[in-house]
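Given the structure is predicted, the values throughout are model-derived calculations rather than measurements. Chain letters run A, B, ... following the sequence lines, proteins first and then strands; every chain starts at 1.
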Amino acid sequence: MSRIAETFSRLAAAKRKALIPYVTAGDPDKATTVPLMHAMVAAGADIIELGVPFSDPMADGPVIALAHERALKHHTSLRDVLAMVAEFRRTDAATPVVLMGYLNPVEVMGYERFVAAAAQAGVDGLLVVDLPPEEAGDLAVKARAAGIDMIYLLAPTTTDERIALVAREATGYLYYVSLKGVTGASTLDVGEVARKVETIRNIARLPIGVGFGIKDAETAAAIGRVSDGVVVGSALVGKIAQHAAEPARILEEIPGVLRQMRSAMDRT
Amino acid sequence: MSTSKIDYSQFPDARGHFGIHGGRFVSETLMAALEELEQAYRKLKDDPAFRAEFDRDLAYYVGRPSPLYHAERWSRMLGGAQVYLKREDLNHTGAHKVNNTIGQALLAKFLGKPRVIAETGAGQHGVASATVAARLGLKCQVYMGAEDVQRQALNVYRMKLLGAEVIPVTSGSKTLKDAMNEALRDWVTNVDDTFYIIGTVAGPHPYPMMVRDFQCVIGREAREQSLAQTGKLPDALVACVGGGSNAIGLFHPFLNDESVQMYGVEAGGDGVETGRHAAPLNAGRPGVLHGNRTYLMEDADGQIIETHSVSAGLDYPGVGPEHSWLKDIGRVNYVAINDDEAMSAFYELTRAEGIMPALESSHAVAYAKKLAPTMRPDQTIVINLSGRGDKDILTIARRDGITL
């Protein structure tokens, strides 16, 4: 069983929901990322989504797009990100790490080299935003062979036929994008999310994480009630931007936000 | 590689691929919209009512067919092949861009979308989008890199006069690629009521196919006009390539004619060897950006790098996927022309023929200037004069050290 599957079944047995923070690797600097990952785990994170910086993050809103720009200012490359995961793994063998990003840096490295390096570093899943299952064939085959889960997005616009198609190709978990828009967009209708998650459950067997637009502990708890996992990104990355000049503050503030979310989610 | 058995009309394949290029690399939210668009387009392109309205608009609104003009004086000066200019500069709004926006705006209307968005670099596509939106009563917002808003003040004002809202994009390098990122973000957010009018033969399937089909009117006309005026097919075609819509529009109807040589001219900027250029087919690698796999300008880590060209319309780090494929199979020759060469071609054609080409088209003119003397006087070259130079007057005056 993959580390991701194991995590979800352990949580399900305990009737808890996964808290899945997203941060962009190398934001605000390379040295902060690994300590931040450990601090997030200590604050209650179950899975970490680690953003791979890209010059053209088309699916991201301004908050995360700026995080990519900050990370690229000191040239955080895919190779650097893999090194960070390897370093994280030296003291944490349990927490799954999912790389989230865009296809082009992977294309340049080459699928074969990338998958081998990712497996070696201890990466558990790939979420490539601009790679729908229709185009993923080659990378997906290699990833699966290396025991790396392919995580795909589902959106409010995804038809039932496509949910079935995506679910057939996905492993690990399904990531439901809770709204039409980019990351960090404003309004999220919990009732609507609940209805769509129900639809997905009737078609797919994988755990369902929900993200985009989850800003506070209250929303995290509400989304946790209707799904298997809560992804929180812009709310954390916004705080990183605020304290970009003092990484020590980041290592206090981000776990603080996560602890509030954790306790709100566990209360329900 | 042999190109003898390819039927070019059969591409892209059902999933939008041209060889390894093209495809549909977008986030999930857009997949349904692209499928809807593809189905609507496949149905409408053969629909007599849609075709008739498109053809009528091209004839009476755009002013087609555009002339194929024999540049006799300039041909004599070059001393080689006879040079013909396909006069897309005479279209309404001054460039080939309108052929495509007419088609896509009609699609928006048939799909019942009240709002259109567009990205623009030089502003020609923005103006062409704003123009058709005004005529159909659609709300129009145009994303434009903040840098380009400065460089192309005239077109920005034209768009505003036409009732469009121009949104300056300040992220990334503040140019065309960033405008496209922002337009994609808008589309993801407003996908229910918004039609995204992409200005070139790039982006996710079906855009490269659809925009090509709309622009192919250029090549179909040029083919008929060549046969009527010279009694034969042209020996060579020359067109500038940024995203590549004017080039594919000219080339595509000739691809199955093996005798016709084709030259796509990229922006060499300060020189391809300097790295400061916009010539991915000459000096890039295949990668994935803006929804398709194609040749890109990128660094060793796969980050997209900034491009450089005197012409804002060619200042793009990617290129349409069909061009990438035509390069791979060797059907089209892709060459580069530097800023300086394009500038001197601009002056030369203006003085020789009284025709002021856009700086984009000047790249094609400059390459034809090299090519013509290597050919016989009984041979012909067709240059796609894709746009007129009026929009570039301020840029040119500035380079000449003149304040208007």
>> Testing the basics here: between A:F54 and B:I304, what is the closest heavy-atom pair and its distance to 0.1 Å?
In response: CZ-CG1, 4.1 Å
>> To the closest 0.5 Å, what do you measure between NZ (A:K180) and CG (B:D192)?
In response: 3.5 Å
> Just how far is it from atom CG of A:D130 to atom OG of B:S27, taken to the nearest 0.5 Å?
Replying inline: 8.5 Å
>> Counting only heavy atoms from other residues, nucleotides and ligands, does the tally under 6.0 Å from CD of B:E273 exceed 12?
In response: yes
> Can you say whether B:H290 sits under 4.5 Å from chain A via the side chain, the backbone, both, or neither, judging by heavy atoms?
Replying inline: both
>> With rounding to the nearest 0.5 angstrom, report the CG to OG1 distance, A:L179 to B:T29.
In response: 8.5 Å
Acceptor/donor pairs from residues 57-67 of chain A side chains to any protein atom, 3.5 angstrom cut, sequence neighbours excluded:
| unit_1 | atom_1 | unit_2 | atom_2 | d |
| --- | --- | --- | --- | --- |
| A:D60 | OD1 | A:T183 | OG1 | 2.8 |
| A:D60 | OD2 | A:Y102 | OH | 2.6 |

> Are any side-chain N or O atoms of A:N104 and backbone N or O atoms of B:V288, one a donor and one an acceptor, separated by less than 3.5 Å?
Replying inline: yes
>> Less than 4.5 Å to any heavy atom of chain A: does that hold for the side chain of B:R185, its backbone, both, or neither?
In response: both
>> Could you measure the distance from the OG atom of A:S55 to the NZ atom of B:K177? Nearest 0.5 Å is fine.
In response: 5.0 Å
> Hey, does the side chain of A:E134 reach the backbone of B:R24 with a donor-acceptor pair shorter than 3.5 angstrom?
Replying inline: no
> Given a strict heavy-atom distance threshold of 4.5 Å, which part of B:E182 is in contact with chain A: side chain, backbone, both, or neither?
Replying inline: neither
>> Is B:V191 in contact with chain A via its backbone, its side chain, both, or neither, using a 4.5 Å heavy-atom distance?
In response: side chain
> Once you round to the nearest 0.5 Å, how far does NE2 of A:H75 lie from CG of B:D299?
Replying inline: 8.5 Å
>> Atom CD of residue position A:Q242 - does it have more than 12 heavy atoms of other residues, nucleotides or ligands inside 6.0 Å?
In response: yes
>> Ignoring hydrogens, what is the shortest heavy-atom contact between A:G181 and B:T189? Give both atom names and the distance.
In response: CA-OG1, 3.4 Å
> In this structure, are over 12 heavy atoms from other groups packed under 6.0 Å from A:R201 atom CZ?
Replying inline: yes
>> Nearest 0.5 angstrom please: A:L165 CG to B:M31 CE, how far?
In response: 8.5 Å
>> Out of A:L153, A:D56, A:L72, A:T159, return the one with the most heavy atom pairs under 4.5 angstrom to chain B.
In response: A:D56
> Of all of A:V166, A:V128, A:L78, A:T158, which one pairs up most often with chain B through heavy atoms under 4.5 Å apart?
Replying inline: A:T158
> Between A:E107 and B:R293, is there a salt bridge with N-O shorter than 4.0 Å?
Replying inline: yes
>> What part of B:L296 gets within 4.5 angstrom of chain A, counting heavy atoms only: side chain, backbone, both, or neither?
In response: side chain
>> We want to know whether B:Q303 and A:H68 form a side-chain donor-acceptor pair, criterion being a heavy-atom distance below 3.5 angstrom.
In response: no
>> Give me the atom names and distance for the closest heavy-atom approach of B:G302 to A:V108.
In response: CA-CG2, 3.5 Å
> Any chance NZ of A:K142 has more than 12 other-residue heavy atoms, nucleotides or ligands included, within less than 6.0 Å?
Replying inline: yes
> For the residue pair A:T157 and B:A32, what are the closest heavy atoms and their distance?
Replying inline: O-CB, 3.3 Å
> So what's closer than 4.5 Å to chain A heavy atoms on B:A183: side chain, backbone, both or neither?
Replying inline: neither
